[in-house]
Amino acid sequence: MEGDAASPNILGESKAGYILSNVAEVVERILTFVPTKNLLRIASVCRLWRNCARRVLRTQQRLTWLSASGSSIYEEHVLLRTMAEDLEKVYLLPQTALLMVNGENFNWPFSYRQKKARKCENEVASDPVEKLRRLLPTTCDVVGIVASGIVVTPSGSPSSPPEEHEEGEAGFSLLFPAMDGVTIRPFHFCKKSLSESAMEEAGLINNPDLKVVLMFDYETWKAGGGCFLNKLLEPLSQNNVLIVGGQVERAFSNNTTCCSLGSFGAVGLTFSGSKIQGATVLVDQDVSSPKAAEATIQRLKAANIPERNTMGFMFACVGRGHKSYNNQRNVEATAFRKIFSNIPLLGFFGNGEIGCDRIVKESYTLSETDADGLQHSFTTVMSLVHFG
């Protein structure tokens, strides 16, 4: 609809109609209670509402997450159905999405023959990666991984007990809006695409504002994979940069042409900006009791990171979990919740971990190491990232 105000046949001739078509302060206040998808629809009513909606969107700078676990009643991963329903209720416009799922009931990638056959099937049976992309805005950068197990905090409450799903369906989608003072860049490299210019474009090198890197490698156990990973890690290892992640089963991103099926590579996100703070500790393979795990995670408190707009990440070896704690489950996630009562925890169980004891805040570095010292097995990397 054109014009500066909504027409009478929409808002009526009442005083309320007059206010809603002329008083921006009132309209803007009301729109703060409207989920983003509806907000974008409302923005088409008139110029006033469009401008108010844009201002409201700029204020929505707190990241959020959607998570799911348990078997889906549909022929798809449980996270897909949860996202289809819950994206209608979120109060932000995602600019970047980090998705993690376990491999159960997430049948991807498809061969050419499978894709051709699936053209005749209904949407539920389609490629799950394509369905994820359709659920999110076309302008949203997507980085996704498939891992052996998933760590989630139930959607909606950052203080809910986090859950370690070593088996069974589970997954989450971490949604980042545009945030003042924070630059987020995705990357996806394989041996064909890795170059100094590509690393610079991703913000991995020659970037004095870089604070945190989330990096997930896949198939790097193959010949040449170790050198490839070291080339990525080496520039970061001696800098005051927090780097965390691990080895996963598969990965996907908006860059669908990066590498051929079966080749090694890495995906991730770089976070730059003065508002970002981070800290990480390494739960060593010798830690085998709940008390010792809690004592290790307690070291994160030294960073004094605010809990608001902060995310916790847990990247653990598939050899840990209940196997490290005399068959007790959820030990490390429970220890995290005891120490940080209001920070959501997300992550996975993988085949190798990236990280070390390090605090990134102002110019203080807790630990320095080389590229080899950032790579581990039978450990857990527990970290906090604050976005201002």
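In this structure, the separation between CG on Leu92 and CG on Leu57 is 9.5 Å, given to the nearest 0.5 Å. Taking CG of Leu135 as the start and CE of Met83 as the end, the distance is 5.5 Å to the nearest 0.5 Å. Ser155 contributes atom OG, which lies 9.5 Å from atom NZ of Lys89 (distance to the nearest 0.5 angstrom). Rounding to the nearest 0.5 Å gives a distance of 11.0 Å between CG of Leu229 and CD of Glu234. Taken from CG in Leu63 to CD in Gln61, the straight-line distance is 11.0 Å, to the nearest 0.5 Å.
In summary, the side chains of Glu166 and His322 do present a donor paired with an acceptor at a separation below 3.5 Å, with no hydrogens or angles considered. Defined by atom type and a distance below 3.5 Å, a donor-acceptor pair is present between the side-chain atoms of Gln375 and Asn230. Using modelled atom types, one finds no donor on one side chain facing an acceptor on the other under 3.5 Å when comparing His188 with Asn254.
Residues passing the salt bridge (Lys or Arg N to Asp or Glu O under 4.0 Å) test with Lys191, sequence neighbours excluded: none. When the salt bridge (Lys or Arg N to Asp or Glu O under 4.0 Å) test is applied to Arg41, the partners found at least two apart in sequence or on another chain are Glu88. When the salt bridge (Lys or Arg N to Asp or Glu O under 4.0 Å) test is applied to Arg308, no partner is found at least two apart in sequence or on another chain. Residues satisfying the salt bridge (Lys or Arg N to Asp or Glu O under 4.0 Å) test with Lys338, not counting sequence neighbours, are Glu294.
The local environment of CD in Glu196 is sparse, with at most 12 non-hydrogen atoms from other residues, nucleotides or ligands closer than 6.0 Å. For Tyr325, the OH atom is densely surrounded, since the number of other residues' heavy atoms within 6.0 Å is greater than 12. The number of heavy-atom neighbours closer than 6.0 Å to CD of Glu307, taken from other residues, nucleotides and ligands shown, is above 12.
A salt bridge does not link Arg329 with Glu164: every distance from a Lys NZ or Arg NE/NH1/NH2 to an Asp or Glu carboxylate oxygen is 4.0 Å or more.
The main-chain N or O of Asp141 is never found under 3.5 Å from a side-chain atom of Thr96 such that the two would form a donor-acceptor pair. In this structure a side-chain-to-backbone donor-acceptor pair under 3.5 Å is missing from Ser160 to Gly156.
With respect to Glu28, the salt bridge (Lys or Arg N to Asp or Glu O under 4.0 Å) criterion is satisfied by exactly one of Arg54, Arg58, Arg55: Arg55.
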Got a list of side-chain donor-acceptor pairs under 3.5 Å for residues 267-274, not counting sequence neighbours?
{"from": "Thr270", "atom 1": "OG1", "to": "Arg185", "atom 2": "O", "distance (Å)": "3.4"}
{"from": "Thr270", "atom 1": "OG1", "to": "Ala202", "atom 2": "O", "distance (Å)": "2.7"}
{"from": "Ser272", "atom 1": "OG", "to": "Asn207", "atom 2": "ND2", "distance (Å)": "2.8"}

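Using cut-offs of 30° and 60° on the angle between ring planes, the pair Phe313 and Phe315 is parallel.
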Test side chain to side chain contact (heavy atoms under 4.5 Å, CB included) on Met199 and Leu232; report intermediate values, then the result. CA-CA 8 Å; Met199 290 176 68; Leu232 279 170; 4.2 Å; yes
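Annotation: side chain to side chain donor-acceptor pair (under 3.5 Å) contacts involving residues 379-388, sequence neighbours excluded, comprise Thr310-His386, Arg320-Thr380, Glu332-Thr380, Glu353-Thr379.
Under a hydrophobic-cluster definition in which Ile, Leu, Val, Met, Phe, Trp and Tyr are linked whenever side-chain heavy atoms come within less than 4.5 Å, directly or via other members, Met179 and Tyr91 are assigned to different clusters.
Aromatic ring centres of Phe176 and Phe387: separated by under 6.0 Å.
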